[in-house]
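No experiment lies behind these values; they were computed from the predicted model shown.
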Amino acid sequence: MAAPGPYLPYGSWPSPIDAALAASHDGRPEYLGTVGAEVWWTEPRPKEGGRRALVRRPADGRAARSVLPAPWNVRSRFTEYGGMPWAGAERPTGGPLVVFVHHADQRMYAYEPDAPGSPAPRPLTPLSTVGGGLRWVDPVLRGAEVWCALEEFTGPGPGDVRRVTAAVPLDGSAAADRTAVRELTDDRHRFRTGPRLSPDGRRAAWLVWDHPRMPWDGTELQVADVTPDGTLGTPRSVLGGPDEAVAQVVWAADGSLLAVSDRSGWWNPYRVDTGGGGAVNLCPREEEFGGPLWKPGLSWLAPLSGSRAEGFGGGLLAVLHGRGSSVLGVLDPDSGDLVDAAGPWTAWQPTLAVSGTRVYGVAASPRSAYEVVELDTTTGHARVVGAHAADPVDPAHYPEPQTRTFPGPGGREIHAHVYPPHHPAVRAPAAERPPYVVWAHGGPTDHVPPALDLHIAYFTSRGIGVVEVNYAGSTGYGRAYRERLREQWGVVDVEDCAAVARALAAEGTADPARLAVRGGSAGGWTAAASLAATDLYACAALIYPVLDLRGFVAETHDLESHYADGLAGPPRTLALRSRERSPVARADRITAPFLLLQGLDDRVCPPAQAERLLTALRGRAVPHAYLTFEGEGHGFRRAETIVTALEAELSLYAQVFGIDRDDVPRLALHS
């Protein structure tokens, strides 16, 4: 047995996981799809300005490679958060044809990477300078057109927008002529996904919803006939409503319509009668087979094709399911039998693709970051086929998450993942308890699964513990759990995070004098509101946060402009709730030091939010630092930004917790 290493105070441990390393591995693969027998996806490139590369893995098993060089950036800005930005198919003459959205100009392009002479991508859609311009998402190839969802800004305001299902000609005739784009629907519904075409091409299905609902509150599944001339008949709603959230729709090979709905209180898979005759739950379990539809094109369910073998095969469905975190399984919709794929993965992202009897997904574990996984359903064997990086450091430095349930106010359960400080060669003095940082996730209608995150390891390997809290309102635990936050944002989330922090301190896991709270976006609201509500935390890191409820409603993008109706209450109560809960309105109660990080191009939580808090604190002796980043929006993507942010956060904790570190620049705190 190895002798114990040196004893060093918590937070002062040396670590091979520096900020540059964490930044270089930031992000994860997204938007899987198949082109013939190949699997394609998008992948982050933090060192290349944060662009998203389009990657393909050849059918012969050769290593995956980028399809387009820099600066091509395959990412849509539809509703600011984007969605599925590409589609592809094999050409009858051979080789793939892909269409994709380029982030810089938001135009859709067509590209044939294997064509002789390697011609450059050619634009399919026009440039636009009105408001936010034209944005395209969730495409599907249909004959000589691309069918997709179109977002068109009609003025300078975030609400000056219309959304329709559109058909873009592949011949490029719309590249300089907006009128060449055919609109297949009206813009009666505020939000929509792209269309899903039936195998025979005679029907299309999609999801719609309207203010003030968010897509996890209530959506409608609409179906329309595709006429011989390529137009859509009158849409009819066949599932969903104001209190039923349909998260996904997909056609099976036999022409039946499948959907993921939470009508039972849990997102379960259904077979839907397109004639309006109802829906049959294919796997009635108190588990989630779906999640929040933040972006069009997310998928938790994919029909399989091929022969049955060893319990897997034709007529079956690949599904992601679970409570809190998800696993990949294969469901027999006739018997209800569900068999999970073997493997170490504890978290799967909502993206699935199928080629024959092979299923592709994006998964992670406590020992591996998100990577592309292939499941061969004829054998049950799963393996990594893409986006896997060799361990940049000895995995012995990775933390081991503990998934726990804590008691909360009123007897409610609170779900969390605890990441204790961990180092293979260093330990702390026996009498010392470690500092801990409570991480509040964004959304707030979202959740965090247990998975390797080098941002967390950056702190735990130095002797600072992290606990990620899936507070009330989080997804993954059924509709009732996420409804606990209704009209209670800034109250229940704050209470749940505090309850977990206090429990860790009471049991001796954490030092009660060295607790911090941090979060981004909605998590930044929770962290800032926590500083105003309690003296539990010694400091906080606030990352592109919501800080002023009334300002957020007025300034944010269209998608979330009515989000507060459900989170804080209807418009008639907004002024009161904002005074009661907004950190800006309660700035006189904030005394703990904090770090505020803000992207200057953020359209979701604009810099005005941060600036109002600083104005409200003017003249008060509250140590703080405000760092801004040109070219960054809602979510930092550039390696240099991530490095600066991580090192500043560590310096904050070191100063406040009394930790001696000289390996990061000292953050200047101003009063």
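Checked for salt-bridge contact, R75 and E30 miss the test: no charged N lies under 4.0 Å from a carboxylate O. Salt bridge present: E43 and R45 bring a charged side-chain N and a carboxylate O closer than 4.0 Å. The residues R62 and E38 are annotated as not salt-bridged, no charged nitrogen and carboxylate oxygen being separated by less than 4.0 angstrom. Remark: R91 does not engage D114 in a salt bridge, criterion side-chain N to carboxylate O under 4.0 Å. Using a cut-off of 4.0 Å between Lys/Arg side-chain N and Asp/Glu carboxylate O, R358 and D376 are scored as salt-bridged. Salt-bridge check for R163 with D558: passed, with a basic side-chain N closer than 4.0 Å to an acidic carboxylate O. The residues E152 and R135 are annotated as not salt-bridged, no charged nitrogen and carboxylate oxygen being separated by less than 4.0 angstrom. A salt bridge does not link K47 with D26: every distance from a Lys NZ or Arg NE/NH1/NH2 to an Asp or Glu carboxylate oxygen is 4.0 Å or more.
Between L331 and L316, every side-chain heavy-atom pair lies at or beyond the 4.5 Å cut-off. In this structure, the side chains of P123 and M108 stay at 4.5 Å or more apart for every pair of heavy atoms. Here the side chains of L301 and L352 are not in contact, with every heavy-atom distance at 4.5 Å or above. Residues P96 and W40 are in side-chain contact: their nearest non-hydrogen atoms beyond the backbone lie under 4.5 Å apart. Put simply, the side chain of S76 does not reach to within 4.5 Å of the side chain of M84, judged on heavy atoms. P46 is not listed as a side-chain neighbour of S24, based on a closest heavy-atom distance of 4.5 Å or more. Put simply, the side chain of R271 reaches to within 4.5 Å of the side chain of P333, judged on heavy atoms. At a threshold of 4.5 Å between non-hydrogen side-chain atoms, the residues R142 and V226 count as touching.
For the residue pair D602 / H634, a side-chain donor-acceptor distance below 3.5 Å is found, with atom types taken as modelled. Side-chain contact annotation: W267 with Q248, donor-acceptor N/O pair under 3.5 Å absent. In summary, the side chains of W206 and Q222 do present a donor paired with an acceptor at a separation below 3.5 Å, with no hydrogens or angles considered. Defined by atom type and a distance below 3.5 Å, a donor-acceptor pair is present between the side-chain atoms of H557 and E560. Side-chain atoms of T641 and T644 include no donor-acceptor pair closer than 3.5 Å.
A donor-acceptor contact shorter than 3.5 Å is absent between the side chain of H25 and the backbone of A22. Under a 3.5 Å cut-off, the side chain of S66 and the backbone N or O of L68 do form a donor-acceptor pair. Within the 3.5 Å criterion, the main-chain N or O of R107 finds no donor-acceptor partner in the side chain of T125. Between the side chain of N73 and the backbone N or O of R51, no donor-acceptor pair lies under 3.5 Å. Between the W251 side chain and the R196 main chain, a donor and an acceptor come within less than 3.5 Å of each other. For N268 (side chain) and E287 (main-chain N/O), a donor-acceptor pair under 3.5 Å exists by modelled atom type. Counting only distance, with no hydrogens or angles, the side chain of D18 and the backbone of L21 share a donor-acceptor pair below 3.5 Å. Between the side chain of E183 and the main chain of T165, no donor-acceptor pair closer than 3.5 Å is present. At distances below 3.5 Å, at least one donor-acceptor pair connects side-chain atoms of R182 with backbone N or O atoms of G230. Not one N or O on the side chain of T475 forms a donor-acceptor pair closer than 3.5 Å with the backbone of P292.
Taking both residues in full, the closest heavy atoms of A205 and L257 are given as CB-CD1, 4.1 Å, listed atom of the first, atom of the second, then distance. Here the closest non-hydrogen pair linking L170 and G143 is CD1-O, 3.6 Å. Here the shortest heavy-atom pairing between S261 and L239 reads CB-CD2, 4.2 Å. The minimum heavy-atom distance linking V260 with G290 is given by the pair CG1-CA, 3.8 Å. Nearest heavy-atom pair, A19 versus L646, reported as atom, atom and distance to 0.1 Å: CB-CB, 4.1 Å. Between R236 and D225 the shortest heavy-atom distance is NH2-OD1, 3.8 Å.
Heavy-atom neighbours of R122 CZ from other residues, nucleotides or ligands within 6.0 Å: above the threshold of 12. Atom CZ of R188 sits in a sparse spot, with 12 or fewer heavy atoms from other residues, nucleotides or ligands closer than 6.0 Å.
T193 OG1 to F78 CZ: the interatomic distance, rounded to the nearest 0.5 Å, is 8.5 Å. Between atom CG of residue L293 and atom OG1 of residue T445 there is a gap of 12.0 Å, rounded to the nearest 0.5 Å. Note that CG of D453 and OH of Y458 are 13.5 Å apart. Values are rounded to the nearest 0.5 Å. To the nearest 0.5 angstrom, E640 atom CD is 7.5 Å from E632 atom CD. To the nearest 0.5 Å, the span separating OH on Y31 from OG1 on T351 amounts to 8.5 Å. Atom CG of L304 is separated from atom OG of S355 by 10.5 Å, given to the nearest 0.5 angstrom.
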message: If you apply the rule side-chain contact (heavy atoms from CB on, under 4.5 Å), what do you find for V354 with T34, and how did you get there?
response: CA-CA 7 Å; V354 170; T34 54; over 6 Å; no
- prompt: Could you walk me through whether W72 and H102 pass the ring pair (Phe, Tyr, Trp, His ring centres under 6.0 Å) check?
  reply: CA-CA 6 Å; W72 291 106; H102 178 44; 4.8 Å; yes
message: Is there a side-chain contact (heavy atoms from CB on, under 4.5 Å) between L258 and L282? Walk through the geometry before answering.
response: CA-CA 9 Å; L258 306 174; L282 301 178; 4.1 Å; yes
- request: In sequence, state the C-alpha distance, the side-chain angles, and the governing distance for D391 and Y398, and then conclude on side-chain contact (heavy atoms from CB on, under 4.5 Å).
  value: CA-CA 10 Å; D391 288 308; Y398 297 161; 3.1 Å; yes
query: When you look at Q349 and Y370, which way does the side-chain contact (heavy atoms from CB on, under 4.5 Å) test go after all the steps?
result: CA-CA 8 Å; Q349 286 298 303; Y370 283 101; 3.1 Å; yes
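Ring centers of W41 and Y360: at least 6.0 Å apart, outside the cut-off.
Taking the six-membered ring where the residue is Trp, Y109 and F100 present parallel rings, their angle staying beneath 30° rather than reaching 60°. The aromatic rings of W294 and W216 lie tilted to each other, with the angle between the two planes from 30° to 60°. Using the six-membered ring where Trp is involved, H321 and F289 have ring planes that are parallel, under 30° apart on the 30 and 60° scheme.
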